[in-house]
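Counting begins at 1 with the first residue of the sequence.
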Amino acid sequence: MDIHSDWKYILEDELNKPYFINLLHNVELMYQSQTCYPPKNQIFRALNETPFSETKVVILGQDPYHGADQANGLSFSVNKEQSLPPSLKNIYKELVNDLGCHFPTHGDLTHWANQGVLMLNTVLTVNQGEAHSHAHLGWQTFTNRVIEVLNERKEHLVFVLWGKHAQKNFKYLNQQKHLIIESPHPSPLSAYRGFFGSKPFTKANQFLKRHHINEIQWC
């Protein structure tokens with residue numbers, strides 16, 4: 001349960017605040033008393049796979065998958081041997097329609113993270129079988145700070161906000177220097193209300209290219 005990328009220095013003040021120390025203590029107690037996800041060594045995986053210095057795109061999720069062995073520390077991503085969750089299946093459908101990719105054979109999004117796509121959930125842990133069960137622990141204070149730091153200190157980022165929960169973070173973002181892509185959530189309950197056909201992958205790459213930043217190989 002450690003941050004070992006440049007985020008450790010970027011967030012140094014935050015990591016030493018009493019609320020964060022207390023948060024980690026409470027998370028530790030949860031992991032000791034029940035089954036939680038992702039594995040403890042992957043809680044900060046999004047920040048470790050995608051250093052601050054390399055971040056180009058931010059895809060905000062809500063909290064980790066709560067099924068056995070699904071969550072791997074990256075929003076919307078699952079381990080390779082897992083079947084695709086419905087939201088990720090819809091993300092892939094849009095990917096195919098948007099860019100003409102082949103439909104991916106697994107749900108591990110590490111290859112996005114390693115290109116500078118920060119796959120960040122606003123809550124980083126969850127109890128098995130209980131969605132949103134750690135939302136009361138205070139993770140949002142920390143992840144809101146991550147978003148604020150990106151907004152303040154980086155130029156020409158793409159923020160992908162799918163669904164109302166992610167869109168609450170709109171107020172932190174500077175539209176003058178960043179691209180904010182909003183649409184309904186890819187969940188089967190809402191994807192047909194405007195997620196399909198929204199072309200987020202094309203829009204992100206067009207913006208990056210316009211600012212002379214290497215595009216993401218989404219396929």
- Are the side chains of Trp112 and Leu74 in touch, meaning some heavy atoms are under 4.5 Å apart? no
- Task: Consider only side-chain heavy atoms of I, L, V, M, F, W and Y, link residues closer than 4.5 Å, and tell whether Ile21 and Leu11 are in one cluster.
- Result: no
- Task: Taking Thr50 for its side chain and Met119 for its backbone only, find out whether a donor-acceptor pair lies under 3.5 Å.
- Result: no
- Message: Tell me every residue that passes salt bridge (Lys or Arg N to Asp or Glu O under 4.0 Å) with Lys17, counting only those two or more places apart in sequence or in another chain.
- Response: Glu14
- Query: Given the side-chain rings of Trp162 and Phe76, with only the six-membered ring counted for Trp, is the space between their centroids under 6.0 Å?
  - Reply: yes
- Query: Roughly how far, to the nearest 0.5 Å, is NE2 of His4 from NZ of Lys8?
  - Reply: 9.0 Å
- Stepwise side-chain contact (heavy atoms from CB on, under 4.5 Å) check, Gln175 with Phe170: CA-CA 9 Å; Gln175 298 177 70; Phe170 189 91; 3.3 Å; yes
- Decide whether Asn127 and His134 meet the rule of one side-chain donor and one side-chain acceptor closer than 3.5 Å. yes
- Which distance, rounded to the nearest 0.5 Å, do you find between the CD of Glu49 and the CD of Gln115? 12.0 Å
- Of all the heavy-atom pairs spanning Glu148 and Tyr172, show the shortest one and how long it is. OE2-CE2, 3.2 Å
- Is a side-chain donor-acceptor pair under 3.5 Å present for His165 with Thr122? yes
- With hydrophobic residues grouped by side-chain heavy-atom distances under 4.5 Å, do Leu29 and Tyr37 end up in a single group? no
- Item | Closest non-hydrogen atom pair, Val149 against Trp7 | CG1-CZ3, 4.4 Å
- Inspect the surroundings of OH in Tyr9 and state if more than 12 heavy atoms from other residues, nucleotides or ligands are less than 6.0 Å away. no
- Indicate yes or no: at least one non-hydrogen side-chain atom of Leu150 is less than 4.5 angstrom from one of Leu173. no
- Message: Determine whether Arg45 and Thr110 satisfy the following criterion, side-chain contact (heavy atoms from CB on, under 4.5 Å), listing intermediate values before the conclusion.
- Response: CA-CA 10 Å; Arg45 186 164 172 238; Thr110 303; 2.7 Å; yes
- Message: Can a donor-acceptor pair be found, under 3.5 Å and without considering hydrogens, that links the side chain of His211 to the backbone of Ile213?
- Response: no
- Query: Between atom CZ of Phe201 and atom CD1 of Ile91, what is the distance when rounded to the nearest 0.5 Å?
  - Reply: 6.5 Å
- Item | Side chain proximity check, Glu28 to Leu24, heavy atoms < 4.5 angstrom | no
- Are the side chains of Asn144 and Asn169 in touch, meaning some heavy atoms are under 4.5 Å apart? yes
- Taking the side chain as C-beta and beyond, is there a heavy-atom pair between Leu23 and Trp139 under 4.5 Å? yes
- Message: For a quick test of reading the model, state the closest non-hydrogen atom pair linking Gln176 to Asn174 and the distance between them.
- Response: N-OD1, 2.8 Å
- Message: Can you pull out every side chain to side chain donor-acceptor pair (under 3.5 Å) where at least one residue sits in residues 77-98? Sequence neighbours excluded, please.
- Response: Asn72-Ser77, Asp98-Thr202
- Message: Would the distance check show the side chain of Lys203 and the main-chain N or O of Ser198 forming a donor-acceptor pair, the cut-off being under 3.5 Å?
- Response: yes
- Message: Any heavy-atom pair between the side chains of Leu95 and Pro104 that's under 4.5 Å?
- Response: yes
- Keeping the roles fixed (side chain from Gln167, backbone from Pro184), state whether a donor-acceptor pair exists under 3.5 Å. no
- Query: How about Val158 and Val58: do any of their side-chain heavy atoms sit closer than 4.5 Å?
  - Reply: no
- Task: Determine, using the 4.5 Å side-chain heavy-atom cutoff (strictly less than), whether Leu120 and Ile43 are members of one ILVMFWY cluster.
- Result: yes
- Please report the closest heavy-atom contact between Ala71 and Gln42, naming both atoms and the distance. O-OE1, 3.9 Å
- Message: Evaluate Leu208 against Val57 for side-chain contact (heavy atoms from CB on, under 4.5 Å), listing each step before the verdict.
- Response: CA-CA 9 Å; Leu208 295 174; Val57 179; 4.2 Å; yes
- Query: How far apart are the C-alpha atoms of Glu215 and Lys56, what are their side-chain angles, what is the distance that settles it, and do they pass the salt bridge (Lys or Arg N to Asp or Glu O under 4.0 Å) test?
  - Reply: CA-CA 9 Å; Glu215 299 163 64; Lys56 305 174 187 178; over 6 Å; no
- Item | Rounded distance (nearest 0.5 Å) linking atom CG of Leu88 with atom OH of Tyr65 | 5.0 Å
- Query: Shortest non-hydrogen contact from Val123 to Gln140?
  - Reply: CG2-NE2, 3.5 Å
- Item | In one Ile/Leu/Val/Met/Phe/Trp/Tyr side-chain cluster, 4.5 Å: Leu109, Ile181 | yes
- Quick one: do Ile180 and Val117 end up in the same hydrophobic cluster if we chain Ile, Leu, Val, Met, Phe, Trp and Tyr together by side-chain heavy atoms under 4.5 Å apart? no
- Query: Between Phe142 and Phe20, is the ring centre distance below 6.0 Å?
  - Reply: yes
- Query: Does NZ in Lys177 sit with more than 12 non-hydrogen atoms of other residues, nucleotides or ligands closer than 6.0 Å?
  - Reply: yes
- Where do Ser190 and His185 come nearest, in terms of heavy atoms and distance? OG-O, 2.8 Å
- Message: As an exercise, state the distance from CZ of Phe44 to CG of Leu124, rounded to the nearest 0.5 Å.
- Response: 6.0 Å
- Rounded to the nearest 0.5 angstrom, the CG-CG distance for Leu157 and Leu118 is 9.5 Å
- Message: Surrounding NE2 of His136 (heavy atoms of other residues, nucleotides or ligands, distance under 6.0 Å), is the total greater than 12?
- Response: yes
- 4.5 Å side-chain heavy-atom contact, Leu47 and Phe52: no
